[in-house]
Amino acid sequence: MAIRVFLIVLLFLSFTNLTYSLYEDQVGLMDWHQKYIGKVKHAVFHTQKTGRKRVLVSTEENVVASLDLRHGEIFWRHVLGTNDVIDGLDIALGKYVITLSSDGSILRAWNLPDGQMVWESSLPGSKASKSILHIPKNLKADKDDLILVYGKGSLNAVSGVDGEVLWKKDFAGESIEVSHIIQSSDVIYVAGFADSSKISVYGLNAKNGELLENNHAALPFGTFGELLAVSGDMFVVLDEMRSKIVIVHLKNGEISYNQKHISDLTKDLAGQPVILPSRLPGMFALNTNSYVLLIKVTNQGELVLVDKVNNGAAVSDSLSISEDEHAFAFVHYGDNKIHLSVKNVNDWNHDLLKESIVIDHQRGKIDKIFVNNYVRTDRSHGFRALMVMEDHSLLLVQQGEIVWSREDGLASVVDVTTSELPVQKEGVSVAKVEQNLFEWLKGHMLKLKGTLMIASPDDLAAIQALRLRSSEKSKMTRDHNGFRKLLIVLTRAGKVFALHTGDGRVVWSILLPSLRKSEACENPVGLHIYQWQVPHHHALDENPSVLVVGQCGPSLSTPAVLSFIDAYTGMELKSLSPAHTAAQVIPLPYTDSTEQRLHLIIDDKQHAYLYPRTPEAIDILKHEFSNVYWYSVDADNGVIRGHALKSNCIQEAVDEYCFDFRDLWSVVFPSESEKIIATMTRKSNEVVHTQAKVMTDYDVMYKYISKNLLFVANAAPKAAGEIGTVIPEEAWLVIYILDTVTGRILHRMTHHGCQGPVHAVFSENWVVYHYFNLRAHRYEMSVVEIYDQSRADNKDVWRFVLGKHNLTSPVSSYSRPEVIAKSQSYFFTHSVKAIEVTSTAKGITSKQLLIGTIGDQVLALDKRFLDPRRTVNPSQAEKEDGIIPLTDSLPIISQSYITHALKVEGLRGIVTVPAKLESTSLVFAYGVDLFFTQIAPSRTYDSLTEDFSYALLLLTIVALVAAIFVTWVLSERKDLQDKWR
Amino acid sequence: MDKGKGVMGSNARRWAVDFSDNSTSPSSRDVPDPPGFSRASIDQDDSTLSRQKKDAESNWKSQKAWEVAQAPFKNLLMMGFMMWMAGSTVHLFSIGITFSALWQPISALQSVGKIFEPYKDSRVELLGPKLLFIALNLGGLALGVWKLNALGLLPTHTSDWVSSLPPAQEVEYSGGGLNLR
């Protein structure tokens with residue numbers, strides 16, 4: 001009954017408040033937003049004497065940005081689409097930033113000071129090729145400054161003023177891989193390889209693109225890698241055995257070459273050498289496995305080894321500091337210091353700059369370096385260097401110290417998990433408490449002033465500041481409401497960060513040694529992060545830990561890497577490099593005595609490996625042996641298979657932690673009509689409060705709640721591509737809901753004339769998915785709810801009163817309960833990047849869908865809008881139950897954007913975590929930016945609001961007590977007088 | 001009062017008639033009974049008088065008891081009216097009315113003995129009024145319960161019992177999906 005009243009009150013509360021919204025002064029109280037740009041690919045300095053000094057960068061997250069050179073802040077930033085990869089960046093005319101993107105087919109000019117786009121031109125072509133952006137100095141054709149772009153197999157000369165294509169030369173028919181554009185006065189030379197052994201050089205008239213000359217030379221051997229220009233007429237390239245350096249000389253259109261063995265230059269050659277793409281006049285850098293060789297090319301084409309630097313060095317492009325002087329920087333990493341040297345290309349013995357800078361070793365090696373010079377007051381040259389580190393962070397070094405750094409690795413979050421903070425220790429010092437008490441009183445007095453509207457503007461500002469940087473929210477201990485947690489994120493660089501949910505600061509970070517390049521592991525990638533150990537009651541003295549699963553390369557057949565990290569300190573507890581691969585990781589619902597969760601890692605040969613590797617874990621698994629299943633989705637062949645544990649592996653080496661599977665079932669989709677495009681399951685840690693759904697007439701529907709359900713969306717093979725490539729008659733979408741233990745299909749539905757991409761979210765007994773309807777030319781969202789009919793006859797109240805029902809006894813999927821599904825579809829305006837659902841501690845609070853829209857915002861949509869019970873004219877009782885009249889499209893209420901005015905650029909994922917307070921759910925959205933907030937889908941019905949004035953309450957109580965006392969005294973006095981009368 | 005007592009001592013009494021003297025034997029008297037006076041007949045008269053008086057009293061008592069027993073009926077009607085006024089949605093007013101409608105009969109039933117205490121008499125049959133009183137109060141209680149039910153606050157539906165039932169545990173566990181990445 002109490003629950004009923006509670007639910008009704010709750011319903012009323014939610015009914016009065018359809019949208020979640022916040023006031024202007026609440027922005028930043030519970031949410032934080034961090035802007036990043038990603039790993040820098042190109043950087044161009046803009047340090048004119050006038051104006052603010054800035055550096056323009058383009059990144060691997062397809063961001064073009066202008067950064068303040070003094071503080072590293074973003075002046076402006078544009079995030080291009082995921083397919084719009086930036087290939088080149090430069091400054092033209094001193095006022096435009098030119099970017100070349102999309103494989104050399106889109107050229108854009110941005111205004112330098114404010115980042116507005118000035119013009120855009122698309123350069124179509126047929127052939128995929130390397131794309132080169134070349135902005136020659138002082139090359140004009142009819143007063144127009146030229147920008148030379150090679151992309152899609154053709155060379156375009158584009159006007160720098162308006163982006164018009166002045167002339168175009170198509171190389172698509174020439175079968176040449178152009179790798180260089182060289183400009184000498186009015187002739188443009190285009191050099192490249194055909195079939196890796198034939199060098200071709202074309203000379204073009206800069207004015208009109210007319211072909212002036214055409215030279216070919218065939219090398220008697222193949223080449224490896226790219227051609228690198230060391231001067232205007234000299235190139236170097238490696239031969240195909242990577243043992244010789246080939247110097248190609250171009251003189252008056254004649255091509256000559258000579259070659260030299262690398263072993264002649266250095267004795268201790270190991271591994272595969274690669275020419276680094278740094279452009280240095282008369283020099284080049286060769287990277288072998290252990291050294292970086294700096295080799296000078298003389299005018300006669302002779303090679304001279306000038307320096308040999310330890311591995312891990314980065315070499316910048318050259319920088320012209322005066323008429324004939326070129327400087328370049330090279331930097332290498334050693335014993336927690338970076339050693340930066342800037343040298344003159346022509347004068348090798350003399351260092352222009354030599355510095356050692358202490359650096360956090362969690363940043364790893366230096367990946368790239370860009371240098372820029374400035375003239376000191378004494379007219380000597382000073383240098384600043386922009387460094388891109390192994391963890392994708394960006395540093396600016398000047399005068400021997402790090403001026404600023406940016407953690408841009410956080411722009412490429414791969415996976416997120418959370419961890420609780422440590423429990424608060426007893427025994428806080430008195431002084432601290434007193435100070436806190438004083439502060440507390442002061443704060444509340446200020447708040448009281450605000451409530452009574454007697455606060456001055458200064459006070460108001462102080463109140464707002466107090467609210468924003470409340471020390472309460474960024475403490476490093478667990479709080480009563482569970483708002484403070486650690487977000488543990490794995491980035492693409494293999495670095496793990498712990499972010500505090502209160503203010504988003506980095507608590508610790510670790511560049512995982514096991515995810516760094518090594519001999520055994522060539523291209524390690526981090527894949528997922530799991531909660532490994534979540535200590536509760538009896539294991540509270542243990543720190544929680546997380547498991548990072550990675551593999552040694554992009555393909556599935558490379559061995560796995562496992563790393564265990566302490567969630568409080570960020571230390572790597574241990575790392576494993578098992579011989580098997582990691583195709584799938586299954587966290588099992590069992591924990592051992594130290595609360596380490598059991599995980600099955602399944603390799604590509606369908607063996608399962610049990611972790612942790614302890615006898616106790618084996619005992620636990622043996623106990624549940626027949627209840628552990630595994631299913632695999634083979635999207636290429638359209639097959640879903642179910643497996644069960646069989647026995648220990650039959651291998652040469654006995655491994656009692658390795659298990660074999662036997663196949664149980666398979667669902668084969670007809671490959672000519674269906675192709676798997678999306679699958680979705682419930683979150684394994686989701687808590688469901690009740691199994692019953694009460695209808696308006698007090699009837700009960702029993703939800704079919706099973707963790708072993710899989711939603712599969714299949715599209716017609718023709719319609720698996722992009723929207724608009726097929727006609728509605730050829731497109732259909734078939735959705736299935738499968739039981740992954742038995743392989744039983746619980747529900748199947750076809751949407752005709754619809755196609756993907758499908759985004760879905762599965763929670764409790766319902767699934768919501770988003771797709772495109774070709775007939776209506778609109779996006780649609782559908783909801784499917786599954787109910788258990790076999791329980792529906794539990795209607796006798798007396799059985800419940802006496803407790804004679806078996807609704808809570810364990811169920812097996814093999815009991816094959818009869819289910820029914822209810823569904824409904826609605827139009828939805830936006831295309832969607834991600835869908836999530838709020839999750840709360842007990843699952844009582846109503847749910848909201850969190851939709852990452854194409855505009856990189858997060859929209860909170862009540863689940864009540866996606867309810868199959870909605871009808872056009874709901875009855876009074878249904879209205880009271882909160883059923884919204886059916887409309888054809890879902891409303892988008894602008895107040896319900898939880899990102900309010902902000903954008904999470906490049907949004908890729910949304911994570912929800914329950915707080916301890918039942919009403920509240922924590923939301924973390926990540927992309928290029930990070931955004932965190934707390935939301936309460938049914939408002940905070942279980943706590944006072946943040947702006948509740950305790951001081952006012954206290955004051956009222958004090959006033960009341962005083963009033964009582966005064967009146968008591970007065971009445972006593974009156975009584976006495978009466979008696980004397 | 002004290003003064004009067006001081007003046008009129010017990011010695012100052014000249015004569016006195018004892019109305020309560022109803023002894024039947026004349027010998028106990030100094031003065032013989034006047035002729036025609038029959039002491040026995042007076043005695044008899046007296047007793048009939050008191051019996052009549054007692055009958056009237058018990059009649060009155062039983063009448064009162066019946067009245068008291070019927071009193072909840074008016075209450076019932078008023079409650080019914082108020083409930084009708086309160087409507088069938090759950091809010092403070094309707095809940096208050098319903099709970100008072102429940103509480104009144106219960107408290108009345110608890111104090112049935114006390115209420116009928118003044119009318120207790122060996123010759124008054126109180127069982128009838130009591131039964132009526134209890135029946136009416138039970139009626140009131142039933143009305144209250146009915147209202148409670150009408151408000152939907154009674155766990156008479158299956159939904160009231162299952163709405164907090166946690167989902168059944170599953171025997172099997174299955175994991176997997178698409179290959180990583």
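Chain letters run A, B, ... following the sequence lines, proteins first, then strands; residues in each count from 1. This one's a predicted model, so the numbers in the text were calculated from it and none came from an experiment.
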Could you grab the distance from atom [atom1] of [X] to atom [atom2] of [Y], nearest 0.5 Å is fine?
X	Y	atom1	atom2	result
Y631(A)	L178(B)	OH	CG	8.0 Å
I705(A)	Q169(B)	CD1	CD	13.0 Å
K707(A)	Y173(B)	NZ	OH	8.0 Å

Checklist entry - Looking at A168(B) and R791(A), what are the two nearest heavy atoms and their distance? => result CB-NH2, 3.6 Å

Next on the checklist: Is it the case that atom NZ in K54(B) sees more than 12 heavy atoms from other parts of the structure closer than 6.0 Å?
Outcome noted: no

Examine whether an atom of [X] lies under 4.5 Å from a heavy atom of chain B, and if so say whether it belongs to the side chain, the backbone or both; otherwise answer neither.
X	answer
I640(A)	neither
R682(A)	neither
V633(A)	both
V414(A)	neither
S809(A)	backbone
Y814(A)	both

Taking C-beta and beyond as the side chain, do [X] and [Y] meet within less than 4.5 Å on heavy atoms?
X	Y	result
V811(A)	V171(B)	no
P167(B)	T690(A)	no
W630(A)	S174(B)	no

Checklist entry - For residues Q584(A) and N179(B), is any side-chain donor paired with an opposing acceptor at under 3.5 Å? => result yes

Next on the checklist: Side chains of E170(B) and S812(A) only: does a donor on one sit below 3.5 Å from an acceptor on the other?
Outcome noted: no

